[in-house]
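Working notes, structure below.
Please read all numbers here as calculations on a predicted model, not as lab measurements. FYI, the numbering just counts along the sequence from 1.
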Amino acid sequence: MTIHAEDLASSAAAPDSGAEIEERDPGVAVSSAAGSVDLADFVGESMLLLGAGATVLLQLASPGVGHGVADHSTTLQRPLDRLRTTMTYVYAVTLGTPEEKKQIVRMVNKAHVPVRSETYNAFDPELQLWVAATLYRNGVEMYQRMFGPLTDADIERLYHQSAVYGTALQVKEDMWPRTREEFDEYWDEMISTFEVDAEVRSFTRNLLTGGDSPLPVRALMPLQRFMTIGLLPQRMRDEFALPWTPRDQRRFDLFWKVVPPIYRAVPKPIRQLSATYYLRDMRRRMKAHGRVI
């Protein structure tokens, strides 16, 4: 499931809720080791949404994903709804119950049926593998920027658990690189070979302005655009023709010195309001037999 552009347009605009995350999928193991980080804790942090834009652009850099989203996605017209459906998938497969996960996967597969062309098929496991890889890689980077270095054991646990982003759909378990070293080789190869064409660049320019988002969301886009470009590898900035100056880098570095201590001081239930909200919304829609995906 591609994290479509809605995450970029609206990541800071999710409504809040007073309830905490209620359930976890027993299939996502929770370590009892003191100080350990589990995928269920990791995904619930709202700060991960700061990296949504960079994750989206890395996905769009893949020609199959980029053309599929540009040709078929309604992200620019319905950014808030597309944000809701994407985050529902992410939270359901990592934080939901086994039954909720099954229901969401069925809904996503049904929604993917018409999304195909000569150059794109939403059921292509290779494209889904790349999408899953971006979720893992950027998620770990964002978490470490906010909370400091993870232990090797934590990264190993998160790496293997993150395969669910793809294996919940059409990615076979043996497609997920066996080791983190193999993953790094796969990642470097993909980043070094992607070429972004004019159509995807044009879509990205519209995306970085917020599309048809409400005015309050568009007002947040300068920060999201800045964070998106700053988190991209330089080669991807060049491919998307996104400027980045030494002054930008200094401001970016300052942000990551100032913000993490403030974020860490916020109580965890508040930090996880985005996951709480989207899970509650999913459950409400399922109970009412409404449209979830």
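Atom CD of E195 has 12 or fewer neighbouring heavy atoms from other residues, nucleotides or ligands inside a 6.0 Å radius.
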Test side chain to side chain contact (heavy atoms under 4.5 Å, CB included) on L50 and R145; report intermediate values, then the result.
CA-CA 11 Å; L50 275 177; R145 282 181 178 275; over 6 Å; no
CA sep, side-chain torsions, deciding dist, call: Y136, F183, ring-ring contact (aromatic ring centres under 6.0 Å, His included)
CA-CA 10 Å; Y136 158 71; F183 177 90; 5.1 Å; yes
Evaluate L135 against Q59 for side chain to side chain contact (heavy atoms under 4.5 Å, CB included), listing each step before the verdict.
CA-CA 9 Å; L135 292 172; Q59 293 171 7; 4.3 Å; yes
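The pair E141-R137 fails the salt-bridge criterion, with no side-chain N (NZ, NE, NH1 or NH2) lying under 4.0 Å from an Asp/Glu carboxylate O.
Checked against salt bridge (Lys or Arg N to Asp or Glu O under 4.0 Å), E156 has the following partners two or more places apart in sequence or in another chain: R180. Not counting sequence neighbours, the partners of W244 by the side-chain hydrogen bond (donor to acceptor under 3.5 Å, both in side chains) test are Q249. For the side-chain hydrogen bond (donor to acceptor under 3.5 Å, both in side chains) test, no residue two or more places apart in sequence or in another chain qualifies with R201. Scored by the side-chain hydrogen bond (donor to acceptor under 3.5 Å, both in side chains) test, R205 finds no partners at all (sequence neighbours excluded). Residues satisfying the ring-ring contact (aromatic ring centres under 6.0 Å, His included) test with Y143, not counting sequence neighbours, are F42, F147. Partners of T179 by side chain to side chain contact (heavy atoms under 4.5 Å, CB included), not counting sequence neighbours, listed by chain and number: E181, E182. When the side-chain hydrogen bond (donor to acceptor under 3.5 Å, both in side chains) test is applied to D71, no partner is found at least two apart in sequence or on another chain. Not counting sequence neighbours, the partners of D281 by the salt bridge (Lys or Arg N to Asp or Glu O under 4.0 Å) test are R284, R285.
A distance-only check finds no donor-acceptor pair linking the side chain of S202 to the backbone of A198 [under 3.5 Å]. Of the possible polar contacts, none joining the D152 side chain to the I155 backbone as a donor-acceptor pair under 3.5 Å is found. With hydrogens and angles ignored, the 3.5 Å screen pairs a side-chain donor or acceptor of R157 with a backbone N or O of V37. A donor-acceptor pair under 3.5 Å is formed between the side chain of R235 and the backbone N or O of F194. Within the 3.5 Å criterion, the main-chain N or O of M47 finds a donor-acceptor partner in the side chain of Y263.
The minimum heavy-atom distance linking L231 with A54 is given by the pair CB-CB, 3.7 Å. Of all heavy-atom pairs between S274 and S46, the closest is OG-OG, 2.7 Å. Smallest separation of non-hydrogen atoms from G53 and T228: CA-OG1, 3.3 Å. For the residue pair Y89 and V164, the shortest heavy atom distance occurs at OH-O, 4.1 Å.
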Can you give me every donor-acceptor pair (side chain of residues 286-293, partner residue at least two apart or in another chain, under 3.5 Å) with its distance?
unit_1 : atom_1 : unit_2 : atom_2 : d
R291   : NH2    : D81    : OD1    : 3.1
R291   : NH2    : D81    : OD2    : 2.7

Please list, one pair per line, the donor and acceptor atoms closer than 3.5 Å that link side chains of residues 236-243 to other protein atoms, with sequence neighbours excluded.
unit_1 : atom_1 : unit_2 : atom_2 : d
R237   : NE     : I229   : O      : 2.9
R237   : NE     : L232   : O      : 3.3
R237   : NH1    : Q234   : OE1    : 2.7
R237   : NH2    : G230   : O      : 3.0
R237   : NH2    : L232   : O      : 3.3
D238   : OD1    : Q234   : NE2    : 2.9
E239   : OE1    : V196   : N      : 2.9

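For the pair Y278 and L95, the minimum side-chain heavy-atom distance is 4.5 Å or more. At least one side-chain heavy atom of Q170 sits less than 4.5 Å from a side-chain heavy atom of N109. Using a 4.5 Å heavy-atom cutoff, the side chains of L127 and V131 are not in contact. For the pair L58 and P233, the minimum side-chain heavy-atom distance is below 4.5 Å. Side-chain contact between Y91 and T276: absent, with no pair of heavy atoms (C-beta onward) separated by less than 4.5 Å. Side-chain contact between D41 and K268 is present, with at least one heavy-atom pair separated by less than 4.5 Å. With a 4.5 Å cut-off on side-chain heavy atoms, W130 and V171 do not count as touching. Put simply, the side chain of F203 does not reach to within 4.5 Å of the side chain of H67, judged on heavy atoms.
In the hydrophobic clustering of ILVMFWY residues, with side-chain heavy atoms under 4.5 Å counting as a link, V108 and F123 come out apart.
The list of salt bridge (Lys or Arg N to Asp or Glu O under 4.0 Å) pairs with a residue in residues 243-266, not counting sequence neighbours, reads D248-R251. Applying the salt bridge (Lys or Arg N to Asp or Glu O under 4.0 Å) rule to pairs touching residues 45-55 yields E45-R271, sequence neighbours excluded.
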